[in-house]
Amino acid sequence: MTIFEAYNSTKKRLEAVGIKDYVFEAKQIIMHVTGLKAAQILTDYNNQLTQFQENNLIALIHQREVHYPLQYIFGSWDFYGRPFKVGVGVLIPRSDTETVVEQSLEILKNTESPKVLDLCAGSGCIGITIDLEISDAKVTMIEKFDEALRYATENITLNNSSATVLKGDIFEKPQFENEIFDLIVSNPPYIPQNEMKYCSHEVKFEPETALLAEDEGLEFYKAIIKNYTPCLKVGGSFCFEVGFKQAEKVSELLNQNGFKDIKIKNDLNGIGRAVSGTK
Ligand SMILES: C[S@@+](CC[C@H](N)C(=O)[O-])C[C@H]1O[C@@H](n2cnc3c(N)ncnc32)[C@H](O)[C@@H]1O
């Protein structure tokens with residue numbers, strides 16, 4: 001089978017099972033299987049796949065046909081231009097979450113050697129990115145589940161980050177002293193159970209513990225504000241990722257708890273995605 005044939009048949013099979021970005025995905029899959037760069041797929045289209053590459057391609061298409069996430073198949077996905085290892089048991093980093101990183105960097109732009117806490121760290125994509133974008137930042141991350149914790153640890157090493165990750169549950173008393181952080185950032189689980197039916201097939205392969213939240217999706221924000229406000233310095237900020245239509249509600253929670261300078265930043269689709277407020 002030539003690269004051209006492999007690319008075309010991959011596109012057709014992904015399209016047939018309703019994968020929206022089948023052209024993009026087919027290209028990514030051929031690049032993954034052959035090790036070629038995007039441009040080489042066009043120039044080397046007449047080259048033959050090896051038997052090993054062909055078998056690998058068939059296995060990979062089978063997985064994708066049942067909507068197993070492409071990111072889990074590859075085992076790695078880019079976030080803010082850096083690779084993050086992913087697999088079953090950890091949330092795949094989303095481009096929406098880059099909005100939260102941008103908002104965090106804006107908040108910290110005039111703070112020297114900022115101390116940052118990333119709650120519900122998952123792959124570590126937020127905490128590790130902030131650590132690498134601000135060279136003198138000191139970033140600590142908290143994650144409850146072992147599988148995700150393992151990915152965060154691997155991603156620290158993969159990206160040569162000096163962030164640290166600890167096991168912890170945000171519903172319990174924090175393991176930190178008062179008033180030590182300049183920023184507490186979090187992308188917690190926020191999907192109400194009754195909205196799971198609107199999620200894609202792919203999302204259903206991700207851990208429910210990373211997605212679902214009680215109390216209309218607000219329980220984590222309430223717990224974090226209650227438990228972690230004492231850990232923020234005066235003048236320090238919370239910065240949260242929020243779900244669809246949650247920005248106003250989370251802003252109101254911050255307002256009710258005495259936070260000032262509350263800001264909502266939209267993602268690339270124009271949806272309020274990051275909410276921050278200052279103590
Ligand atoms: C929405 S994911 C976010 C992961 C990562 N921060 C990101 O942006 O991709 C939420 C994370 O919270 C973790 N988590 C769930 N319940 C938790 C708890 N009670 N305490 C700490 N972490 C928790 C999940 O395991 C998951 O990794």
Side-chain angles (χ1 to χ4, degrees), residues 69 71-72 76-80 82-105 116-133 139-156 158-159 161 163-176 183-193 195-196 199 202-215 217-228 231 238-244 246 250 265 267 273-275:
Q71 297 89 337
Y72 283 176
S76 173
W77 201 245
D78 277 10
F79 179 83
Y80 221 83
R82 299 184 180 90
F84 284 81
K85 288 192 180 180
V86 290
V88 172
V90 73
L91 193 92
I92 297 159
R94 307 291 206 271
S95 54
D96 291 343
T97 303
E98 295 183 346
T99 310
V100 178
V101 170
E102 280 161 10
Q103 179 84 330
S104 299
L105 297 178
V116 179
L117 181 63
D118 174 10
L119 299 173
C120 302
S123 63
C125 61
I126 298 177
I128 292 171
T129 304
I130 293 175
D131 176 58
L132 296 172
E133 291 294 318
V139 178
T140 308
M141 306 189 283
I142 297 285
E143 167 60 48
K144 179 177 176 186
F145 294 97
D146 288 335
E147 195 61 4
L149 205 58
R150 189 171 66 74
Y151 279 102
T153 308
E154 280 187 35
N155 285 324
I156 288 172
L158 176 68
N159 285 292
S161 164
T164 51
V165 63
L166 305 170
K167 185 169 169 132
D169 183 337
I170 64 96
F171 290 101
E172 290 172 3
K173 189 174 172 301
Q175 42 196 306
F176 306 100
L183 175 75
I184 298 180
V185 59
S186 183
N187 173 17
Y190 55 63
I191 304 179
Q193 177 75 58
E195 286 184 15
M196 267 308 274
C199 293
E202 283 77 359
V203 170
K204 289 165 191 146
F205 286 97
E206 295 185 273
E208 283 198 343
T209 47
L211 299 167
L212 293 178
E214 302 282 336
D215 196 0
L218 300 177
E219 65 167 336
F220 280 81
Y221 305 110
K222 290 182 180 172
I224 291 172
I225 293 171
K226 177 166 173 273
N227 294 340
Y228 283 87
C231 303
F238 276 125
C239 183
F240 294 119
E241 173 165 329
V242 298
F244 186 56
Q246 287 176 336
V250 174
K265 185 174 170 72
D267 63 21
R273 188 58 68 189
V275 176

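Just so you know, ligand 1 is whichever comes first in the structure, and atom 1 is the first atom listed for that ligand. As the structure is a prediction and not an experimental result, all values here were calculated from the model. Every heavy atom of this structure was used, including side-chain atoms; hydrogens, water molecules and symmetry mates were not.
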Would you say that more than 12 heavy atoms from the other residues, nucleotides or ligands in this model lie under 6.0 Å from the CD of Gln175, or not?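 Yes, the 6.0 Å shell around CD holds more than 12 heavy atoms from other groups.
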Over 12 foreign heavy atoms within 6.0 Å of NZ, Lys204: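 Atom NZ in Lys204 is packed in, count exceeds 12.
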Nearest protein heavy-atom contact for [atom]: which residue, which atom, what distance?
| atom | answer |
| --- | --- |
| atom 15 (C) of ligand 1 | Thr209 O, 3.2 Å |
| atom 22 (N) of ligand 1 | Lys144 N, 3.4 Å |
| atom 5 (C) of ligand 1 | Ala121 O, 3.2 Å |
| atom 2 (S) of ligand 1 | Ala210 O, 3.5 Å |
| atom 25 (O) of ligand 1 | Glu143 OE2, 2.6 Å |

Decide yes or no on salt bridge (charged side-chain N to carboxylate O under 4.0 Å, His left out) for Glu133 and Arg82, but give the supporting numbers first. CA-CA 11 Å; Glu133 291 294 318; Arg82 299 184 180 90; 2.7 Å; yes
Do [X] and [Y] touch side chain to side chain, with heavy atoms closer than 4.5 Å?
| X | Y | result |
| --- | --- | --- |
| Ile191 | Cys199 | yes |
| Ile142 | Phe176 | yes |
| Gln103 | Val100 | no |

Do [X] and ligand 1 have an N or O pair less than 3.5 Å apart?
| X | value |
| --- | --- |
| Asp169 | yes |
| Asn187 | yes |
| Ile170 | yes |
| Cys120 | yes |
| Phe145 | no |

Suppose I only count heavy atoms of [X] and a 4.0 Å limit; which atoms of ligand 1 are within that range?
| X | answer |
| --- | --- |
| Pro188 | 1 (C) |
| Thr97 | 8 (O) |
| Gly168 | 20 (N), 21 (C) |
| Cys125 | 7 (C), 8 (O), 9 (O) |
| Gly122 | 4 (C), 27 (O) |
| Phe220 | 16 (N), 17 (C), 18 (C), 19 (N) |
| Phe171 | 19 (N) |

Over all heavy atoms of both residues, which pair between [X] and [Y] is shortest? Give the atoms and the distance, please.
| X | Y | answer |
| --- | --- | --- |
| Phe220 | Leu212 | CE1-O, 4.1 Å |
| Ile184 | Tyr228 | CD1-O, 3.7 Å |
| Ile128 | Ser123 | CD1-O, 4.1 Å |

Mind checking whether Leu119 contacts ligand 1 via backbone (N, CA, C, O), side chain (CB onward), both or neither, at a 4.0 Å heavy-atom cut-off?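 Neither part.
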Glu219 with Lys222: basic N within carboxylate O range, under 4.0 Å: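 No, no charged N to carboxylate O under 4.0 Å.
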Please evaluate residues Tyr190 and Glu241 with respect to the criterion side chain to side chain donor-acceptor pair (under 3.5 Å), reporting the C-alpha separation (whole Å), side-chain torsions for both, the decisive distance (0.1 Å), and the verdict. CA-CA 9 Å; Tyr190 55 63; Glu241 173 165 329; 2.7 Å; yes
